[in-house]
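Heads up, the thing below is written out as structure tokens.
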Amino acid sequence: MDNEETYRLYARELTEYATTLVGPFDAADVVTDSCLKAFASRGWPEVLNRRAYLYRTVFSVAKDHHRSTMSRRLRELKVAEPHTVAPVEVDLDVLIAVERLSVQQRAVVYLTYWADLAPEDVADRLGVSTGTVKRHLARARRRLGEWLS
Amino acid sequence: MTDEKKIKDLLARMVAMSPTPPTYPEEIEMAQRPQSPRRSPALILAVSAAAVLALALPLLLFQGGGEEPAVTTVPAPATTAPSTPTTDPAVTTTQPPATSTTTPEALITLEWPVFLVQDPGNSFIGNPAIAPFLLPLMGMPDEGLTGSPIDVLVNLDQLDVVLPDGWSTVVPPGVEIVEQTFEMTEEGLNRTTLDMNEAFLEGAGGLLADITMLNQLIYTVSQYDIDEVLFTFGGEPIEAFGSEGLSLVEPVNGGTFIDDLNPIFVTGPVVVGGDGLPQVAGWANVFEAALVVQIVDANTGVVEYEEPVMATCGTGCWGSFNLGLDTPVIDVGDHVLVFWYSAEDGEPADVVTIPVGTSGP
């Protein structure tokens with residue numbers, strides 16, 4: 001499978017994953033940057049599980065993404081003039097809820113509850129221990145307390 | 001609906017906001033072409049260094065209030081020594097971090113000591129802990145910054161800086177310092193006056209949050225020989241601040257609201273220095289002054305090191321503590337925990353958890 005095929009196969013789910021990590025405004029950029037980074041890496045031709053590798057790269061790029069970007073965009077949206085057209089359809093309540101989580105917590109929540117991965121697989125996908133995954137999950141649930149209640 | 005279903009609903013709504021996946025970018029093909037010349041890492045480093053130097057030089061040259069950022073090399077391990085409190089709890093003075101030399105081809109990062117608040121989850125349980133962290137910045141936005149730790153603190157939401165996991169700020173976006181002045185009082189005290197904007201008067205959303213914000217501001221600005229802080233609005237002392245109309249007519253200092261802090265207060269950045277021997281120092285007001293410092297592997301949760309340490313006073317009074325670890329056990333990503341064992345149930349109490357970075361958390 002060449003790079004373009006790989007890209008077309010996973011672009012949709014990677015964009016959804018990136019949306020959870022950095023919000024809808026910058027998800028496309030994060031996916032593009034991640035694929036550029038992955039495909040250009042020397043080890044890419046030898047990668048066996050390309051999907052997992054791309055997920056890990058998206059996570060890595062998202063972590064480097066400006067932390068307050070989503071916060072800033074949220075504030076801009078809140079004070080935006082009515083005629084301002086948002087680049088995507090936004091659900092402010094959801095963004096405000098997710099904004100309480102760190103990027104790591106968002107990744108763990110997404111991979112656990114959306115991708116239905118076991119903690120060991122989430123840990124492998126993110127390059128952390130299973131204990132860290134469980135801790136992030138517990139913290140995420142605590143921080144989402146208001147939403148969950 | 002169970003928590004799991006609610007989280008899945010949240011994710012479904014988040015995913016529903018996903019934009020259309022970007023089209024397969026031509027740059028990918030460019031990156032794949034074998035004939036494409038690879039950029040020299042040395043060239044990238046040199047260009048990056050030049051860019052960062054251009055951003056950083058004005059800051060390096062700025063001497064606002066005698067405050068100097070630490071300069072460390074990247075990616076070489078930082079050699080910044082951890083600071084230690086040198087005075088009584090009323091005013092905690094943190095020694096300015098050392099300035100290390102940078103090689104011409106190395107990237108530099110400015111590190112500013114800023115007091116952050118330990119994230120308690122959804123609400124404060126007990127008094128919140130604050131601690132200073134060296135926040136690495138590659139540049140500063142043009143607006144509202146004069147180049148000092150206090151400016152970094154009130155502009156955190158605009159800066160390209162990742163806060164350490166579990167730590168944040170309660171200073172609301174919109175709070176600004178209109179002007180900062182310095183003077184020597186008749187009593188010979190170094191006073192700084194912070195003239196704040198109107199957003200400051202509203203506080204941080206509750207009495208405890210208001211006081212925590214004040215503590216963040218006071219301790220951040222009180223580093224480097226500031227004895228007291230006077231907050232003003234429009235040049236006049238503030239008669240009613242925050243949700244409960246707190247009077248700030250009189251100057252305040254680190255001791256004014258110290259009893260509204262967690263009983264354990266780490267006052268110096270916990271960093272891995274050049275020798276790999278970190279120091280953990282601060283103030284505590286705990287039962288029998290008996291504290292414990294632990295080093296915990298953040299990934300595995302394994303306690304790698306535990307050492308008891310005594311504060312100079314306890315059970316109703318604040319005493320200082322200072323533990324210089326004698327073994328380089330801290331790795332990047334480890335957590336330093338400071339707590340005391342509760343006499344009630346033997347469990348760790350008032351735990352302060354500090355993630356450790358190479359030169360700052």
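Residue numbers start from 1 in every chain, and the chains themselves are labelled A, B, ... in the order their sequence lines are given, proteins ahead of strands.
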Inset, instruction - Identify whether the distance between the nearest side-chain nitrogen and carboxylate oxygen of A:Arg143 and B:Asp119 falls below 4.0 Å. - result: yes
Legend entry - Toward chain B, the part of A:Asp2 with a non-hydrogen atom under 4.5 Å: neither
Legend entry - Salt bridge flag under 4.0 Å for residues B:Asp165 and A:Arg135: no
Legend entry - Contacting region of A:Val31 [heavy-atom separation from chain B under 4.5 Å]: side chain
Inset, instruction - Below 4.5 Å from any heavy atom of chain B, which atoms of A:Ala11 appear? Answer side chain, backbone, both or neither. - result: both
Inset, instruction - Verify whether one side chain among A:Thr19 and B:Ser18 offers a donor that lies under 3.5 Å from an acceptor in the other. - result: yes
Legend entry - No-hydrogen, no-angle side-chain donor-acceptor test under 3.5 Å, A:Arg50 and A:Thr6: yes
